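Down below is the structure, laid out as structure tokens.
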Amino acid sequence: MPRIAKVVVDIALDREFDYLIPDHLHDGLRLGSRVLVPFGRSESRGYVVGLASESAFPSLKTVKQVIGPKPLVDEPVLALARWLGAYYAAPVEHAIRAVLPGAVRRAGAGFKEQLFVSPVAEAAPDEAALALLEKRCPKQAAVLAALRRDGGRPMAELTRELGTGAAVVRALAEKGFVRIGRETAERDPFARQVFLPTDPLALMPEQRAALDLTRRAIETRSPPVVLLYGVTGSGKTEVYLQAIAHVLDGGGGAIVLVPEISLTPQTVERFKSRFGDNIAVLHSHLSEGERHDEWHRVREGKARIAIGARSAVFAPVRKLGLIVVDEEHEPTYKQDESPRYNARDVAVMRGHMQACAVLLASATPALESYFNAKRGKYGLAVLPRRVDNRTMPVMRIVDMRLEAERVGRPTVLSGDLIEAIHRRIDRAEQTMLFLNRRGYSTALICRKCGYVAQCHQCSVSLTYHKSVDQLHCHMCGAVKSVPGACPECRDPAFKYTGVGTQRVESVIAKVFPHARIRRMDSDAVTRKDAYREILGDFKSGRIDILIGTQMIAKGLHFPNVTLIGVVYADLGLHLPDFRASERTFQLLTQVAGRAGRGEVQGEVIVQTYTPFNTAIQAARRLDYEGFCDQELEFRRELNYPPFTHLVCLTVKGASEEKVAFSARALSKALESALAGNRVFLSGATPAPLARIKGAYRYQIMVRGPSVRAITPAVNQAVKASKWPAGVSCSVDVDAFSLL
Ligand code: ADP
Ligand code: ZN
């Protein structure tokens, strides 16, 4: 019998504490249980992350109380959390926090609580005792029988169904046969929606092959991971749906991860229509109560499939048979605070730990995944064609340098693009214009002295938002009014340079005064329903031209859109990031996928100042593999991922001097700690975004053959460093953003 509980307390401390388990709590306390423990001079809540029979510490405090009838974290998820902490160099309690949605952790406050009755397994009466109970108190016997059959039940439901009073249940609790706790009542976020059921489609031969390979992975884990590379509209989703149906047939459950931005009503509907109530949606747009309930439906096994963004990878799905990661290349799968995990990689690890298959899918798989497939680590399935052989859109590149020469100044819209939009309006077809930057102009510049309006606490220029006539910092959200004259030289004439979605909108409105235009970016979509509303209007043809940021680049499916304009393709190309080229290729390909999903062939017009860039050219030729092979060569030569793992350390603080000093000291320490490990160390340099929210930032990049070759030394060096007050260091393993 374990006598010791290892507890991680909510108050952030990177440690496990040992507590004695008192006798009366033995029954209820498990791995993953929520507990109340004495801590310091007061008490704290925490999670049991381990059980032991002995402790290295002589005098231990005692667990005060077990909260809730069942542990919130089951053992497989707990194991995953431990791995998460170790791999991503994060404190245990951060890892535990990551695997439990906030709504679940906070449950209790503000919810409709109800009494919940569950049988105590350890105190199950034997035959003789049952017979006696049957004879003396038949009502109690009936309640107990029902509970042992169904597991826990809400008190109200139980007494109603059996026609007994609560007193009967309480009597059973006094005998120790059942436990009465508090749980929250369930809400169904989709209660008022009707989903028309759909049947599986007859698959195309390539889809069939992809499904067969996935089924093999599900049954034999050989291969353990399948990479499904399929162009947009090639029917990948239908493959997931049928693979999941297969898992359900075998009595298992599944997780589907989609990027937050693609978790649209459209997407949810496709899954709901096929699987009905069997699917739970874990979505940040739901109310806290709804999120809590959906999670519990999964934990109780009432929903066997969980669909959601990043954190759904931790969903407590029972008998997990398959994890699907849609758009597996998406940077948003990476969490940008501790633990800085990548949900795709966690999915692969969870698959490994729980012997379940993993299906990674994308129209532009990440180089890491492509590389794993090429060297045989993952199985590969390819869907090269669109369903029904619909043609891929034609992509045209417009050289904006020539355009500027022709017009005499840089322009927002080329003649080609304007003409193409005209044709669409004449034919009552729709256009989407894409620009991954909101606001009106990117910078306010003084023509005379060259002063650029910058955020006073971030090293980025402020973006002008015309609708509110203000300057916004897209880094920290600071808002400033537009100065009447240059703060440096007092010249009153400013110039707005660079283009944002608002500027595109106003140019379009001038060129097409009769067109119906809408803009969709995070400025335009502040209300919860605005997103749905705009998409609804677009779908029903009440909008001719939709202008937007990446919000419109993903997963949307409109048959009447026959033209996509990429206003400025170079935006992401010049970032100091070795993935800049890959990102640009992915983005162009994804955006192009929105065109021509109906009967008419689609057209994509890409405006650029670097028309011969390899990413842009490869996207035009629809040449994913060619692009990857070339890019892999480059990465191999320079020892970048996927040939190495990259760990990025960021040292931050208000004093630049202290930050620089600490970063250099850390870099020195790492140099000696990592010597001989085939590890590349960059040395401490100011980060590309040298200042955010007033904090100076220095970076150290470490690349090595494996994370294990890097993190132990990094952890140790970070712990051993003497950090001056106000200076902190964060560690990002397999970093995505290097800014
Ligand atoms: P992807 O996920 O690759 O972008 P989808 O699964 O969304 O592609 O498929 C695009 C469209 O083709 C959808 O409308 C889908 O219902 C349809 N579709 C998929 N597979 C088939 C099939 N085998 N037969 C007919 N239509 C299909
Ligand atoms: Zn700022």
Side-chain angles (χ1 to χ4, degrees), residues 195-215 226-246 254 256-259 261-275 279 305 307 309 322-330 333 344 359-366 369-370 373 380-393 432 535 538-539 550 552-562 564 586-602 604 619 622 624:
F195 296 96
L196 296 176
T198 60
D199 288 324
L201 303 170
L203 296 181
M204 322 264 289
E206 290 96 346
Q207 284 176 310
R208 163 63 48 198
L211 180 63
D212 286 346
L213 184 63
T214 310
R215 286 173 67 151
V226 174
L227 176 63
L228 176 58
Y229 158 49
V231 299
T232 16
S234 61
K236 294 186 290 297
T237 310
E238 187 60 32
V239 175
Y240 322 152
L241 290 170
Q242 298 198 19
I244 292 167
H246 180 70
V256 182
L257 300 182
V258 290
I261 203 164
S262 321
L263 197 51
T264 58
Q266 269 182 327
T267 310
V268 170
E269 191 179 324
R270 283 183 81 176
F271 283 84
K272 279 261 169 191
S273 302
R274 196 66 63 86
F275 300 115
I279 194 148
I305 311 161
I307 183 170
L322 177 68
I323 307 176
V324 177
V325 186
D326 188 26
E327 315 247 16
E328 62 88 34
H329 66 280
E330 265 292 308
Y333 280 126
R344 176 203 54 215
L359 178 60
L360 308 179
S362 173
T364 51
S369 305
Y370 175 79
L380 179 66
V382 183
L383 307 180
R385 296 177 292 146
R386 284 189 166 184
V387 173
D388 292 345
N389 268 326
R390 272 174 213 148
T391 44
M392 293 297 284
M432 278 166 117
L535 289 186
F538 195 51
K539 192 165 194 171
Q550 58 176 337
I552 65 169
K554 306 279 158 67
L556 303 173
H557 182 13
F558 302 108
N560 200 34
V561 173
T562 59
I564 305 273
Q586 287 168 344
L587 198 59
L588 288 179
T589 308
Q590 296 281 340
V591 172
R594 304 298 120 226
R597 302 201 72 172
E599 302 303 317
V600 189
Q601 185 176 36
V604 181
L622 308 168
Y624 170 75

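Here the structure is a predicted model, which means the values were calculated and not measured. Just so it is clear, the values below take in all heavy atoms, side chains as well, and ignore hydrogens, waters and symmetry mates. Order of listing sets the numbers, starting from 1, for every ligand and every atom in it.
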Under 3.5 Å between some N or O of ligand 1 and some N or O of Leu203? no
Kindly confirm or rule out an N or O of Val387 lying under 3.5 angstrom from an N or O of ligand 1. no
For Gly233 and ligand 1, does the shortest N/O to N/O distance drop below 3.5 Å? yes
Dump the intermediate steps for side chain to side chain contact (heavy atoms under 4.5 Å, CB included) on Leu241 and Phe275, then the final yes or no. CA-CA 9 Å; Leu241 290 170; Phe275 300 115; 3.6 Å; yes
What part of Leu383, side chain, backbone, both or neither, has a heavy atom within less than 4.0 angstrom of ligand 1? neither
Atom pair CG/CD1 of Leu322 and Ile305 - distance to nearest 0.5 Å: 10.0 Å
Could you list which atoms of ligand 1 come closer than 4.0 Å to a heavy atom of Met204? 23 (N)
Quick one: list whatever passes side chain to side chain contact (heavy atoms under 4.5 Å, CB included) with Thr562, sequence neighbours left out. Arg424, Glu429, Val600
Counting only heavy atoms closer than 4.0 Å, does ligand 1 sit against the backbone of Arg386, its side chain, both, or neither? neither
Does a salt bridge link Glu327 with Lys236, judged by any charged N lying under 4.0 Å from a carboxylate O? no
Shortest non-hydrogen contact from Leu263 toward Ala309: CD2-N, 3.9 Å
Between ligand 1 and Thr237, is the shortest N or O to N or O distance under 3.5 Å? yes
So which bit of Ala363 gets within less than 4.0 Å of ligand 1, heavy atoms only: side chain, backbone, both or neither? neither
Using a 4.0 Å cut-off to any heavy atom of Ala202, which atoms of ligand 1 qualify? 22 (C), 23 (N), 24 (N)
With atoms numbered from 1 as shown, which atoms in ligand 1 lie under 4.0 angstrom from a non-hydrogen atom of Val231? 3 (O)
For Glu328, the side chain to side chain contact (heavy atoms under 4.5 Å, CB included) test, sequence neighbours excluded, returns Leu227, Val325, Arg344, Leu360, Ser362, Pro365, Ala366, Ser369
Grab the two heavy atoms, one from Leu383 and one from Gln207, that are nearest each other, plus how far apart they are. CD2-N, 3.6 Å
Look at the aromatic rings of Tyr624 and Tyr370 and report parallel, tilted or perpendicular, splitting at 30° and 60°. perpendicular
Quick one: does ligand 1 sit under 4.0 Å from the side chain of Arg270, the backbone, both or neither, non-hydrogen atoms only? side chain
